[in-house]
Amino acid sequence: MHQAMKGSFPIQKFQDIRTPFYYYDTRLLQRTIDSLSKEAGKYERFVVHYAIKANANPKILKPIVEAGFGADCVSGGEIQKCLDAGFSSDKIVFAGVGKSDWEINLALDANIFCFNVESIEELEVINDLAKARQKSARVCFRINPDVDAHTHANITTGLAENKFGIAMDDMERAIAIAGNMENILFIGLHFHIGSQILDMDAFSKLCDRINELQDRLESKGIHLQEINVGGGLGVDYYDPNNNDIPNFKDYFEAYHNGLKIREGQRVHFELGRAIVAQMGSLIARTLYVKHGTHKKFAILDAGMTELIRPALYQAYHKIENISNDLPHDTYDVVGPICESSDIFAKDADLDAINRGDFIAIRSAGAYGESMASQYNSHSLPTSYTSEDIDF
């Protein structure tokens with residue numbers, strides 16, 4: 001029997017909505033933003049940018065813009081979305097290992113705050129394009145600090161073997177080259193060691209490495225205006241009901257205690273997942289409960305086209321049957337896509353599932369909708385906020 005509401009989900013309101021869709025709890029989003037603002041606000045020179053790759057839905061961007069955060073972009077499309085959403089261009093940073101000419105020109109024309117440059121070859125192109133537009137481009141060099149974040153191999157970015165960033169041994173040479181370019185203004189260093197990091201020691205180790213590099217540069221008379229430490233703070237995918245807001249307090253304290261911040265220097269953060277992951281759930285309907293030889297399969301109308309993280313990263317998402325409270329049973333929860341990797345969970349212990357039951361896949365506000373595809377000619381998922389659905 002369907003309940004009118006289970007947990008925070010108004011499932012009676014879901015009855016007439018075509019599944020699958022994303023459901024965003026904008027009240028939780030606002031609480032998360034308020035907590036982040038409070039903790040970052042304790043430190044005068046901490047600047048927060050939202051990593052828009054996590055979720056670029058305009059309804060989600062609106063309260064983030066209103067909070068006064070900047071934006072971290074990795075494509076020209078993301079820059080345009082930020083400008084359309086109302087982000088101040090002087091708070092936009094543009095990262096990414098492969099920036100195309102049109103994207104660089106868009107950023108130059110918008111007068112963004114900074115390019116996070118990942119190679120000397122890229123620096124040369126930015127200088128040429130800025131010269132053609134008679135502009136000066138502010139740049140930070142993304143340095144690969146060779147710090148192990150102890151996260152999934154596919155989302156680590158700060159090891160020497162990764163494609164990102166400039167090697168530490170090349171740092172001074174890159175700065176010297178920038179200093180001889182008429183249309184480049186070098187302002188600082190950028191770092192990012194990975195995503196879904198819950199161990200604050202990883203951030204402390206990054207602080208130690210940044211301190212070493214700053215001391216090295218200052219011994220040669222080079223002083224930095226800006227330090228960008230990236231993002232990477234993780235969320236609790238296993239218990240989103242009790243841990244719905246990330247540990248912003250310890251995160252910012254780790255940098256406050258670990259970084260030797262110079263006079264007048266600012267520290268930039270690029271948080272994405274931590275802001276939006278917990279407020280989002282993918283809502284699907286059960287198409288069939290298939291009895292296999294050794295197990296049961298709960299076959300949903302959502303699959304890796306709507307949420308690719310389990311197939312791509314073997315990522316865990318808490319799954320809930322929000323339609324009933326029947327005794328538990330064990331299922332492989334799978335999607336309809338013609339790929340054997342289209343699996344959300346194996347041997348999941350859930351309230352007994354019947355055809356038509358609503359299934360919520362939790363903590364899907366980050367890298368869910370933004371990574372959706374139209375494989376098998378599926379439509380892209382729609383999205384609704386708690387404000388859209390009248391309680």
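The structure displayed is predicted, hence computed values, not measured ones.
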Could you measure the distance from the CG atom of L198 to the CZ atom of F203? Nearest 0.5 Å is fine. 8.0 Å

Euclidean distance, K135 NZ relative to N105 CG, rounded to 0.5 Å: 10.5 Å

Decide, yes or no, whether a salt bridge links E212 with R209 under the criterion of side-chain N to carboxylate O below 4.0 Å. yes

Here the gap from S383 atom OG to K59 atom NZ, rounded to the nearest 0.5 Å, amounts to 5.5 Å

Taking all atoms of both residues into account, what is the closest heavy-atom pair of L224 and G188, and its distance? CD2-CA, 4.1 Å

Same cluster or not: are V97 and V74 linked, directly or through other Ile, Leu, Val, Met, Phe, Trp or Tyr residues, by side-chain heavy atoms under 4.5 angstrom apart? no

Using links of under 4.5 Å between side-chain heavy atoms of ILVMFWY residues, direct or through other members, which residues join I343 in one cluster? L287, Y288, F297, I299, V334

OG1 on T32 to CD on Q278, rounded to 0.5 Å: 8.0 Å

Testing F191, F46, Y255, F113 one by one against H268 for a ring-ring contact (aromatic ring centres under 6.0 Å, His included), which residue passes? F113

Look only at the side chain of S219 and the backbone of R216, and say whether a donor-acceptor pair between them is shorter than 3.5 Å. yes

Sole residue of E270, R142, H192 in side chain to side chain donor-acceptor pair (under 3.5 Å) with N228: E270

If two hydrophobic side chains count as joined below 4.5 Å and joins carry through other members, does L185 share a cluster with V139? no

Determine, for E320 against R362, whether the closest basic-nitrogen to carboxylate-oxygen distance falls under 4.0 angstrom. yes

Quick one: list whatever passes side-chain hydrogen bond (donor to acceptor under 3.5 Å, both in side chains) with K42, sequence neighbours left out. E39

Taking V229 as the starting point, is it possible to reach M171 by hopping between hydrophobic residues whose side chains are less than 4.5 Å apart? yes

Please answer: with hydrophobic residues joined when any side-chain heavy atoms are less than 4.5 Å apart, are L129 and V117 in the same cluster? yes

Note, F269 side chain near L233 side chain (heavy atom, < 4.5 Å): no

Do the side chain of S281 and the main chain of Y23 share a donor and acceptor less than 3.5 angstrom apart? no

Quick one: do R262 and E218 make a salt bridge, cutoff under 4.0 Å? yes

Which atom pair, heavy atoms only, marks the closest approach of A360 to F9? CB-CZ, 3.9 Å

Heavy-atom closest pair, residues K99 and N116: NZ-O, 2.8 Å

Could you tell me if the side chain of D357 sits less than 4.5 Å from the side chain of D351, heavy atoms only? no

Could you label the plane-to-plane angle of the F94 and F115 rings as parallel, tilted or perpendicular, counting under 30° as parallel and over 60° as perpendicular? tilted

Please determine if K62 and D84 form a salt bridge, counting it only when a charged side-chain N lies under 4.0 Å from a carboxylate O. no

Applying ring-ring contact (aromatic ring centres under 6.0 Å, His included) between H317 and each of Y237, Y367, F344, Y238, report the one that passes. Y237

For residues Y43 and I275: do they belong to one hydrophobic cluster (side chain heavy atoms under 4.5 Å, members Ile, Leu, Val, Met, Phe, Trp, Tyr)? yes

Gap between atom OG of S136 and atom CG of N127 - 0.5 Å precision: 9.0 Å

Taking the side chain as C-beta and beyond, is there a heavy-atom pair between L217 and I175 under 4.5 Å? yes

To the nearest 0.5 Å, what is the distance between CG (L206) and CE (M200)? 13.0 Å

